[in-house]
Engineer: 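The structure is given below, and queries will be raised subsequently.
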Amino acid sequence: MTANALNTSRSQAIFGTAQELMPGGVSSPVRAFRSVGGQPIVFDRVKGPYAWDVDGNRFIDYVGSWGPAICGHAHPEVISALQETLEKGTSFGAPCELENHLAQMVIDAVPSVEMVRFVNSGTEACMAVLRLMRAFTGRDKVIKFEGCYHGHADMFLVKAGSGVATLGLPDSPGVPRSTTSNTLTAPYNDLEAVKELFAENPDAISGVILEPVVGNAGFITPEPGFLEGLRELTKENGALLVFDEVMTGFRISYGGAQERFGVIPDLTTMGKVIGGGLPVGAYGGRAEIMAMVAPAGPMYQAGTLSGNPLAMTAGIKTLELLRQEGTYERLEATTQRLLKGILKAANESGLSITGSSISAMFGFYLCEGPVRNFEEAKGADTDRFGRLHRSMLEKGVYLAPSAFEAGFTSLAHSEADIDATLQAFKESFAEIA
Ligand SMILES: *Cc1c(COP(=O)(O)O)cnc(C)c1O
């Protein structure tokens, strides 16, 4: 596809109308393409590694609905299981055996999880886990890291990642100072800063929450000893360690980042992959802590649609597909080949780049490396990334419309898809160099 061949007239018309109906024309901010320029593409359908827009253009997709599509979009086995469940109704608001099934799968897979509660989104899971941290410890403060995103609950909208980072927004208006005064922040990969916060706030910090591998400030990996150090520091200070694995769960490995790195938190939040493309979140951990959650205990948290049969079915099917032999080796190989090719292509065009991948997650920054925290990530050339994004779209590749979001591969991305993607990168890097 040549540069001017991309006809997006229907996308433009639909998005024009959308902007009159919904703030910014979208249901979630980053989708609006504000940070990369140009107009967003309006999708018509998705299948495997591909997305088709309303003008009939096909894109190789590296967003995967922001994570859930790890088996490829609309996997036939997921769809057929959903069709079967659909016949029995979409929501019970009563116990449903499928909840037991998915709960058991999550407990078997994720080392820290002995009991789990299902909710409807990652945001909900993180909101609830924060309340649980405070309920269990009787302390109000929490430590989070700059550039990490834990959904849009009030207490987490402090130096947050994802859309907040993408759009360069200050901390959100509407969040009471009295709320965020309990949120302490530290740079990622900086144990000393965490140590100081504990020293300055004795017996006041309920715990530390983090993305064990950061995907909402681009892609940042934990330095050796960082996760282990947090495990020790929290234990020493009577605080909880919480891994927000909404993005990394069932993606970094079947048991998440905690399995991959061998560091076991007290509590874990999940979302994205465990819903297999339907709205699901979950939080879980040690049984002793989860026993605080109503109605087993006094900490209130509820949800009308939580644990509905459709979402449970999509999750169960997706995890069944993922736990097959060789899945993560394949994801790792696909992603490594992609990332190596991207770095090589950029270097050949004389561009500064640094990047890495783990399993089915990758990212790169257009700057000299290394990038160990959000401050360093902000050194990346975001204008140039915007041009790269547009050029890749014109060549049929859909990257996350932000320099500060990780990329995702899936089991459906074939060698040929990666080859085509790398060819597009080669041409696009040459154009923007
Ligand atoms: C996406 C994400 C969330 C929020 O999940 P939603 O389902 O979008 O509410 C929370 N934490 C992390 C690490 C995420 O990547």
Side-chain angles (χ1 to χ4, degrees), residues 26-32 62-70 110 117-133 142 144-167 172 183 185 188 207-222 227 241-252 256-258 260 265 267-284 301 303 305-306 308 311 314-315 318 358-363 374 377 400-402 404-408:
V26 289
S27 299
S28 192
V30 181
R31 295 179 199 171
Y62 291 97
V63 180
S65 190
W66 300 97
I70 192 165
V110 186
R117 165 62 60 86
F118 293 113
V119 293
N120 301 291
S121 69
T123 291
E124 254 190 82
C126 293
M127 273 170 78
V129 95
L130 180 59
R131 187 175 303 140
L132 183 54
M133 291 163 76
V142 65
K144 79 175 280 289
F145 294 93
E146 293 161 14
C148 279
Y149 181 66
H150 306 295
H152 61 78
D154 280 356
M155 267 186 77
F156 290 131
L157 286 184
V158 181
K159 298 185 178 169
S162 190
V164 184
T166 298
L167 302 172
S172 177
T183 307
T185 61
Y188 199 79
V208 176
I209 186 168
L210 76 156
E211 294 179 62
V213 175
V214 185
N216 284 292
F219 183 73
I220 303 173
T221 56
L227 299 177
L241 179 63
V242 183
F243 280 5
D244 179 354
E245 299 231 37
V246 169
M247 191 180 277
T248 53
F250 299 94
R251 179 168 285 277
I252 286 294
Q258 54 197 267
R260 174 110 184 186
L267 292 165
T268 299
T269 56
M270 290 156 278
K272 297 185 172 129
V273 170
I274 60 158
L278 271 83
V280 185
Y283 62 102
Q301 185 271 310
L305 294 171
S306 297
N308 73 75
T318 300
I358 303 180
S359 183
M361 217 172 147
F362 69 94
F374 187 44
S402 164
F404 300 120
E405 298 279 1
F408 300 120

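Remember, it's 1-based here, ligands and their atoms both numbered in the order they're listed.
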Engineer: For residues H150 and E211, determine if any side-chain heavy atom of one lies less than 4.5 Å from a side-chain heavy atom of the other.
Structural biologist: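 Yes. Closest side-chain heavy atoms under 4.5 Å.
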
Engineer: Between H150 and ligand 1, does any nitrogen or oxygen pair lie at a separation below 3.5 Å?
Structural biologist: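 No.
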
Engineer: Is it the case that the side chain of K144 and the backbone of K159 share a donor-acceptor pair, with hydrogens and angles ignored and the cut-off at 3.5 Å?
Structural biologist: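 Checked: pair present.
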
Engineer: Give the atom numbers and elements of ligand 1 that come within less than 4.0 Å of a heavy atom of G122.
Structural biologist: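 It comes down to these atoms of ligand 1: 4 (C), 5 (O), 6 (P), 7 (O), 9 (O).
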
Engineer: Counting from 1, what ligand 1 atoms have a heavy atom of T123 closer than 4.0 Å?
Structural biologist: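 Atoms satisfying the 4.0 Å criterion: 4 (C), 5 (O), 6 (P), 9 (O).
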
Engineer: Which atoms of ligand 1 have any heavy atom of S121 under 4.0 Å away?
Structural biologist: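 Contacts of ligand 1 toward S121, numbered from 1: 7 (O), 9 (O).
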
Engineer: If the cut-off is 4.0 Å to any non-hydrogen atom of D244, which atoms of ligand 1 fall inside it?
Structural biologist: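 Near D244, meaning under 4.0 Å from one of its heavy atoms, ligand 1 has 10 (C), 11 (N), 12 (C), 13 (C).
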
Engineer: Distance only, no hydrogens: is a donor on one side chain within 3.5 Å (strictly under) of an acceptor on the other, for Q301 and R117?
Structural biologist: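 There is such a pair (donor and acceptor under 3.5 Å, judged by atom type) between the side chains of Q301 and R117.
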
Engineer: In Å, rounded to the nearest 0.5 Å, how long is the span from CZ of F404 to CG of N216?
Structural biologist: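 CG of N216 is found 12.0 Å from CZ of F404.
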
Engineer: Check T248 against ligand 1 and report side chain, backbone, both or neither, counting heavy atoms closer than 4.0 Å.
Structural biologist: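 T248 to ligand 1: no contact under 4.0 Å from either part.
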
Engineer: Less than 4.0 Å is my threshold; does some heavy atom of K272 fall inside it relative to ligand 1?
Structural biologist: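 K272: in contact with ligand 1 (<4.0 Å).
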
Engineer: Considering only heavy atoms, does E211 approach ligand 1 within less than 4.0 Å through its side chain, its backbone, both, or neither?
Structural biologist: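 Only the side chain of E211 comes within reach of ligand 1.
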
Engineer: Are F250 and T318 close enough that some pair of their side-chain heavy atoms sits under 4.5 Å apart?
Structural biologist: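 A side-chain contact under 4.5 Å is absent here.
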
Engineer: Show which atoms of ligand 1 fall inside a sub-4.0 Å distance from at least one heavy-atom site of M247.
Structural biologist: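 Near M247, the atoms of ligand 1 are 15 (O).
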
Engineer: CD of E124 to NE2 of H152: how many Å apart, nearest 0.5 Å?
Structural biologist: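 Spacing of CD (E124) from NE2 (H152) equals 9.0 Å.
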
